[in-house]
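Written below as structure tokens is the structure these notes are about.
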There are 2 protein chains.
Amino acid sequence: MTGPLHQRIRSDIEARIRSGEWAPGHRAPTEAELLAEYGCSRMTVNKAMTALVEAGLIVRRKRAGSFVARPKVHAPVLNIPDIQSEIVARGETYAFRLLARAVRTADRDAPEEVELAAGGKLLALEGVHDAGGRPFALERRLVSLKAAPEMEAADFARVPPGAWLLEHVAWTEAESRISAVNADADDARLLALDEGAACLVVDRRTWREGQHVTRVRQVFPGEAYDLVARFGPGA
Amino acid sequence: MTGPLHQRIRSDIEARIRSGEWAPGHRAPTEAELLAEYGCSRMTVNKAMTALVEAGLIVRRKRAGSFVARPKVHAPVLNIPDIQSEIVARGETYAFRLLARAVRTADRDAPEEVELAAGGKLLALEGVHDAGGRPFALERRLVSLKAAPEMEAADFARVPPGAWLLEHVAWTEAESRISAVNADADDARLLALDEGAACLVVDRRTWREGQHVTRVRQVFPGEAYDLVARFGPGA
DNA sequence: CGCTTCAATATGTATAGACATATTTGCGAA
DNA sequence: TTCGCAAATATGTCTATACATATTGAAGCG
């Protein structure tokens, strides 16, 4: 390691934790011991230890000391790439076919739609993402025109709705639910599958500053699509 | 905000980014400007800005300044809880039924098994996680006894294999693939489903220090299980 | 013996200054 | 005009010090 000293200290300690040399619960050296070992100031070892705390590898308690954390829940980073990028990265041609587009008011009997619309109108979109000329994913989306009014004029032949929103309504927060369903007759027809084929469904709701922006349901043929999540506990 | 000053500076800036007041590409104040505004030392504003860089909200370039990052790929944090904790949290009784257990050598025709075994033997496990007395997930697992030799003596009635590994082989890294399949005859029987029912499959491989530890395939009834991922871009 | 109090300890936050480093910008020379 | 070099600038790292704060462990007291 030739980089900054605080990084070297950090990776030295991280290596001992990941190798199991320091098991969970093991007491790590105090800052005083580390600064003596590395011959540096306290701020430098503090920076290293603080980073390890953020990474979830170390738990610190005043007076008691620093301890190797107990890995709890796996919190992997799931890669939900933009569908267009994903397809282009595979070297296939990409296209978005808009099947239906409507501007309407929220259905009063659907509380979720009412909340999404927030008193304004809704843009309802339905389309298919094609990869290499064949259906890759089916997308049904509701957009709050109150949250994204410019979207009413957008042309989705150029930029698909997801990418348009990412571009124009940045820094949103979202919650995705991933599940598996059997394709119904509509899904099967649009995705060129047999009815009943297993499909991966990503149901995503997106907010900005607490305001609901969009809700989308993407259906992928189960055999053609994998979501990949990589992780170390806390890394 | 009454907490530490660096945190207050951080959240002030974060709020302006998330609200859209500072769009992606916008140039944020320099450290000199911030320390004048907050009347603090440079180390303090630097700590705030460094945290925003780690969070992916800010990109900094020497001489040029600090800029609001362009949100790229959604990298949500996916919650893959331990199945046992998940079931217990729902208030249902949990049990793991071990259906098959074998110690064997790797199949020479399966390169993945050979790599996992790394010259040693493999422990093959098959079992069902029950929630409230009904099948919740089907698990088929291979464990490298070279990486986890103590596992040969473990009793999985007490602690299911996943939890056992988390406890004894901490700080692993993993990759999960999430897909959807139609239940085959075996899956359907063990999970008490109709054949062909859509199931969510999590395929996970786990390493420690580059050494392959285990590979597990968990099959969940599609109708009974959702994976939930929450995220803001880079948060 | 149990309770309270107090001091020692290790971390948490912050300062003011210093030098290093990368990058932009502008000036001067080919 | 264009290329290349040098100065200005903003961040990156580090030091030495100081005081705040939470927690532990031990001393003191009823």
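This is a predicted model, so every value here is computed, not measured.
We find that OH of A:Y38 is positioned 17 Å from C1' of D:dT13, with the value rounded to whole Å. In this structure, A:K47 atom NZ and D:dT15 atom C1' are separated by 13 Å, rounded to whole Å. Between A:R8 atom CZ and D:dC14 atom C1' there is a gap of 15 Å when expressed in whole angstrom units. One interatomic measurement links the two molecules: NE2 of A:H6 to P of D:dG12, which rounds to 10 Å at whole-angstrom precision. What separates CZ of A:R60 from P of D:dT24 is a distance of 16 Å, to the nearest Å. Rounded to whole Å, the distance from CZ on B:R63 to P on D:dA6 is 17 Å. With rounding to whole Å, B:L52 atom CG is found 13 Å from D:dT11 atom P. Rounded to whole Å, the distance from CE on B:M43 to C1' on D:dC14 is 8 Å.
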Working for side chain to side chain contact (heavy atoms under 4.5 Å, CB included), residues A:D82 and A:L166 | CA-CA 9 Å; A:D82 176 62; A:L166 188 62; 5.6 Å; no

Might you work through the side chain to side chain contact (heavy atoms under 4.5 Å, CB included) test for B:R70 and A:W171, ending with a clear yes or no?
-> CA-CA 9 Å; B:R70 245 162 249 289; A:W171 297 117; over 6 Å; no

Would you check, one step at a time, whether the test side chain to side chain contact (heavy atoms under 4.5 Å, CB included) holds for A:R16 with A:D12?
-> CA-CA 7 Å; A:R16 278 183 271 211; A:D12 280 2; 4.2 Å; yes

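DNA chain C is contacted by both A:E31 and B:L5; A:E31 maps to the nucleotide lying nearer its 5′ end (nearest heavy atom per residue). If A:S66 and B:T44 are placed on DNA chain C by their nearest nucleotide, the residue sitting closer to the 5' end is A:S66. Between A:R61 and A:S41, the residue anchored nearer the 5' end of DNA chain D, judged by the nucleotide with its closest heavy atom, is A:S41.
In this structure, A:H129 has its ring center no closer than 6.0 Å to that of A:F136.
Taking the 5' to 3' direction, DNA chain C first and last meets chain A under 4.0 angstrom from a heavy atom at C:dA8 to C:dA14.
Listed here is the closest heavy atom pair of A:D130 and A:P135: OD1-CA, 3.3 Å.
B:T172 and B:R208 form no side-chain donor-acceptor contact under 3.5 Å, judged by distance and modelled atom types alone.
Under the rule for a salt bridge (Lys or Arg N to Asp or Glu O under 4.0 Å), the partners of B:R42 that lie at least two apart in sequence or sit in another chain are B:E31.
Residue A:R42 is in base contact, counting any heavy-atom pair closer than 4.0 Å across all strands shown.
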